[in-house]
Every structure is written in C-alpha cells, then in structure tokens.
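Read through the structure below, which is laid out as structure tokens, and then see the notes.
Along the sequence shown, residues are numbered consecutively beginning with 1.
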Amino acid sequence: MPNSLDSMLPPTATLRVLLVEDDADTRANIRDILELDGYSVSLAGTLAEAQAATDSSFDVVILDRRLPDGNIDEILPELVQRWSRSDIIVVTGFAELDSTIAAFRYGIADYILKPINPDALRQSLRRIDDRHQIENVLQREQQFANQMLRTAEAIVLVLDLNGNVIQFNPFLERLTGWKLSEVLDKDWFEYFVPQDERQRVRDTFMETLTDIKTTSMVNPVLCRDGNIRRVRWSNSCLKNQAGKTTSVLAVGIDITEMLAAQTRSLQSERLAAIGKTMAALAHESRNALQRIHAGLEMLELEIPDQADAQKDLRSVRRATSDLQSVLEEVRSFAAPVLLHIENTDLRLVWQRVWRQLNPATEKTFATLVEPSPSDNANSDNANSDNANIAVDIMRMEQVFRNLFENAIAAMKTIGSESNTDAKPQIRVTCTRDDSGDLSVEIADSGPGFETGDHQQLFEPFYTTKPTGTGLGLAIVARIIEAHRGSVAVKPSDSGACFVMTLPTDLSPSSAPRHFREPKGQ
C-alpha cells in the first residue's frame with residue numbers, strides 16, 4: 001500500500017546531468033547512454049563552458065579530470081563550492097591514489113576510470129538518484145511535519161526523562177505566552193502546572209515512562225499571565241533504535257472553551273426548566289395574591305377601629321407585596337429577552353427611574369449625582385449631549401431600577417450601622433469611547449463587595465443579602481448582553497461600582513436573535 005503522504009506529493013523529477021568532456025565522440029556516446037536511461041543531459045567541452053552553464057541547476061556533474069583549459073585538481077575546491085547542490089563524478093584516464101583521496105575529501109560523489117564502463121556509470125547515477133529520491137521524500141515529510149506543527153491548533157510537547165522541556169510547537173507559545181527559549185531545559189511541572197495539581201500530573205508522567213500510554217487525561221495548564229487553560233492530553237514514549245525510551249511525547253487539546261460551553265449549556269437547561277416551573281408558579285400565585293389583597297381590603301373595612309388588627313393587616317399586606325415582587329422577578333428572569341429598540345437619551349431613562357424610586361430614596365436620604373463634563377477631568381465626554389443611543393427603554397429602566405434598588409438597600413444598611421453624617425450618594429457617569437460605544441458607570445457610597453464576590457455577582461440565584469432571589473444582577477446581565485453590551489464590577493476603594501458598555505450600533509443586522517422592530521415601523 002502506498003504511503004498516504006507520498007500520494008499527496010509530486011513524484012521526484014528526473015536527474016539533470018551536466019557532462020563536461022572534451023572528446024566529442026566520448027561526449028556523444030555518454031549522452032546517448034544517459035538519455036536512453038531517462039536522464040536530462042547538457043553538454044560542455046571545456047571548463048569555461050561548464051562554468052558558464054552553472055546558471056542552470058544540475059543534480060549531477062560528470063567532469064573529465066583533464067580538459068583543454070585546465071586540470072580540475074587545481075580548482076576542484078572552487079568547483080565543489082560552485083556546484084554545492086550537485087553531485088560531482090570525476091572521470092579520468094590517469095588514476096593517482098593521492099589525487100583520488102584528495103578529490104573524495106573535497107566531497108565528490110564518485111571517481112570513474114576511462115574508458116568509461118556504461119554499467120559502472122549507470123550504477124553510480126542510480127545510487128545518486130536513489131539518494132536524491134530518499135532526500136526529497138524526507139524533505140517533503142519534514143516540510144509537511146513542520147507545517148503541521150506550525151498550524152495545528154493542538155499542543156505538541158516533548159519532555160526528557162526528568163520532565164524538562166525539550167521542544168514544543170508555536171501553538172503552546174500562543175496559548176501560554178511562554179517562548180521555548182525561555183523554558184528550554186526547565187521543569188515543565190514547575191512552570192506550567194498549578195501547584196495543587198503537580199503531584200497528580202507528575203505521577204501520570206512517571207506512569208507514561210513505564211511504557212503505559214496515557215490518554216484523555218485532563219489537567220490545568222498555567223499560562224504566563226496566571227490564567228488557567230484546561231487541556232486534554234495523550235502521552236506516549238519516544239524510543240531510540242535500541243528500543244530505549246529517550247523522551248515523552250505529549251499531544252494536548254485545549255478544551256477550556258468546550259468545558260465552559262458545556263457548563264453554560266447545562267446551566268441553560270437547568271435554568272430553562274426552573275424558568276418554566278417558576279413562570280407557571282408565578283401565574284398561579286398572582287391569582288392567589290390578588291384574592292389575598294381583596295380579602296385584606298375587606299377586613300380593613302370591617303375593623304376600622306381596631307389598631308392592633310390594622311397593624312397586623314398592614315404587615316400581611318407588606319408580606320404579600322414582597323412575595324409579589326419576588327414572583328415578578330423570577331417571572332422576568334424566566335421570560336425570553338425580546339428587544340423593542342428605540343432611540344432615546346439614556347439620561348432621561350435613569351432620571352425617570354430615580355423619580356419612581358423617590359419613596360425609597362427619601363427613607364435613606366440618598367441623592368443622585370450626575371457629574372457635568374467640567375466635573376470630570378478624565379473625560380471630555382462625561383454626561384455630554386452624546387448620551388443618545390438605541391435601546392429597549394423598558395428593559396433599560398429595569399436595569400437601572402435593579403442597580404439603584406441594590407445601592408439604596410446597601411446604603412440603608414450602612415446608614416443604620418454608622419453614625420456618619422455623610423449623605424448617601426449614587427453617582428452616574430456616562431462617557432463614550434473612541435469607537436462611539438456608550439459607557440455608564442454607577443457607583444454608590446455603600447459598603448461595596450468582597451473581592452471574591454465579583455465573579456459570582458451576575459450568576460443566577462447568587463446573593464450577598466440575607467433575603468432575595470439573587471436574580472436582580474443576573475437579569476441586568478441578560479438585558480445588557482441582549483443589547484450586545486457588557487456589564488462588570490469595577491474595583492473601588494469605597495462602595496460598589498458597576499460599569500455597563502452599550503454599542504452605538506444596534507441595527508436589526510447587529511441586534512440579538514430576539515430583535516423585533518418598534519411598532520409602527
């Protein structure tokens with residue numbers, strides 16, 4: 001069966017031969033013999049003609065030792081250098097041991113005596129041809145292997161028997177940020193494996209050295225910047241001709257994104273199931289809550305003069321309102337995000353939400369601070385007239401309401417535990433970057449978050465409050481992502497600080513899958 005690589009590559013070309021011979025008859029006879037054997041032959045009668053022909057590339061030069069314009073013994077080093085890519089066969093009628101040895105030292109391929117034996121010449125050329133074909137195949141295979149190593153989206157790593165780095169391909173450099181020259185002969189486990197995983201990974205390496213091929217092993221790989229990538233490995237031993245293990249070859253596939261996608265998929269399935277259940281529960285509970293509200297109103301009319309009973313009724317009413325809010329939040333999270341895009345001034349959106357929250361802000365004495373461009377030395381665009389953007393107004397109101405309510409609740413907590421006279425503030429700053437995208441920063445003067453909470457704040461059902469569903473910030477993230485934007489927690493010395501980025505262009509072609517045109521368009 002032919003080699004699969006050979007079938008992809010062109011066959012080796014016929015040898016191109018330059019015959020340098022001053023005798024016309026000998027020259028003609030040798031040419032006939034070589035051309036019958038399929039070789040391409042060019043002719044020269046003198047050294048000058050041969051040197052003039054070196055613009056062409058020859059595989060073999062058959063060179064008469066003595067020519068009318070010189071003896072090649074004197075210039076053989078120069079000729080070998082001139083024809084460095086050619087094999088030289090010297091033909092002579094006067095064999096001398098010293099000159100023959102010297103010629104071979106200079107690197108000629110063969111030495112043939114006159115009169116030339118056609119079979120001897122054929123055998124010499126056949127050996128050269130066979131070697132050329134082997135070299136061409138090896139060169140093509142090497143080129144193919146190098147190209148695969150350069151372009152393959154996989155790690156190819158070679159470690160010595162002590163686990164030190166011998167070689168790896170450019171993909172690992174791009175993945176981890178480490179250059180081969182920086183970690184050559186360094187311990188792989190010290191540089192590339194997190195400390196808590198080193199012993200387990202080293203044990204697998206030692207197992208591979210016992211000639212056990214280890215496959216599908218997944219372990220973290222530590223990048224230069226401290227990030228972690230998850231890699232699935234297949235390991236095997238490399239051996240010399242004597243069958244002795246000399247190194248370990250490890251081929252790895254980066255599965256970080258795949259694992260993250262699987263996690264997101266499982267979470268989406270779980271949330272979808274929860275969403276369906278909660279949507280049905282919210283619908284049925286809303287009816288029951290309406291009946292409770294109606295019953296409470298009737299009781300209030302029946303016992304107008306009973307202060308203690310009225311107090312209890314108000315407590316029940318607050319509890320039912322809280323339950324109604326919780327169910328509405330869950331229903332909102334379970335519902336798909338369908339955007340109704342309209343152009344608006346985003347400042348008007350958050351100002352309207354703030355007015356709606358006025359009763360809550362009065363209890364905390366919180367104020368809304370909106371810096372003017374002159375108040376912000378770091379940005380010429382802060383809260384400028386460039387706050388116009390195309391968004392779903394109702395959804396963005398929901399975003400600001402959730403963020404404002406969280407800030408108010410946090411500042412209420414800190415206000416009750418502190419004797420400070422400082423007035424609670426929520427600061428909203430709006431800027432544009434060079435690409436025109438809108439950035440909105442919402443910072444409060446509350447207690448802020450623990451550093452470890454930042455990555456989890458936007459996860460569904462995660463909350464730092466003693467009560468609540470943990471869906472408020474998850475809903476914020478869903479809405480912002482539906483607008484093809486992003487939201488993150490910004491490190492802050494005091495209070496909590498959220499930064500939202502919204503793209504300027506949210507046309508139908510760039511909008512999310514659930515985009516729908518505004519009514520009337």
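- Taking CG of Asp160 as the reference point, atom OG1 of Thr246 lies at 10.0 Å (rounded to 0.5 Å).
- Using modelled atom types, one finds a donor on one side chain and an acceptor on the other under 3.5 Å when comparing Asn227 with Asp225.
- In this structure, the side chain of Asp444 engages the main chain of Ala496 through a donor-acceptor pair within 3.5 Å.
- The pair Asp211-Lys239 meets the salt-bridge criterion, with a side-chain N (NZ, NE, NH1 or NH2) lying under 4.0 Å from an Asp/Glu carboxylate O.
- Checked for salt-bridge contact, Asp64 and Lys114 meet the test: a charged N lies under 4.0 Å from a carboxylate O.
- Checked by atom type and distance alone, the side chain of Ser124 never pairs as donor or acceptor with a backbone atom of Ala120 at under 3.5 Å.
- A donor-acceptor contact closer than 3.5 angstrom is absent between the side chains of Asn164 and Trp188.
- At least one donor-acceptor pair under 3.5 Å links the side chain of Glu49 to the backbone N or O of Gly45.
- Using a 4.0 Å cut-off between charged side-chain N and carboxylate O, Asp87 and Arg131 make a salt bridge.
- Under the side-chain contact (heavy atoms from CB on, under 4.5 Å) rule, Val20 has a single partner from Leu79, Val91, Leu43, Leu67, which is Leu67.
- Under a 3.5 Å cut-off, the side chain of Asp187 and the backbone N or O of Phe189 do form a donor-acceptor pair.
- Between Phe104 and Tyr111, the angle of the ring planes lies from 30° to 60°, which puts this pair in the tilted group.
- In this model, no donor atom of one side chain and acceptor atom of the other lie less than 3.5 Å apart for Gln123 and Asp119.
- A donor-acceptor contact shorter than 3.5 Å links the side chain of Thr256 to the backbone of Arg230.
- The existence of a salt bridge linking Asp59 and Arg85 is excluded, since no basic side-chain nitrogen approaches an acidic carboxylate oxygen closer than 4.0 Å.
- Closest approach of Ala109 to Ile128, counting heavy atoms only: CB-CD1, 4.1 Å.
- Using modelled atom types, one side-chain atom of Arg198 and one backbone atom of Glu190 make a donor-acceptor pair closer than 3.5 Å.
- Remark: the backbone N or O of Val80 is not paired with any side-chain donor or acceptor of Ser84 at under 3.5 angstrom.
- The OG1 atom of Thr176 lies 4.5 Å from the CZ atom of Phe192; values are rounded to the nearest 0.5 Å.
- Using a distance-only test at 3.5 Å, with no hydrogens or angles considered, a donor-acceptor pair links the side chain of Glu173 to the main chain of Leu180.
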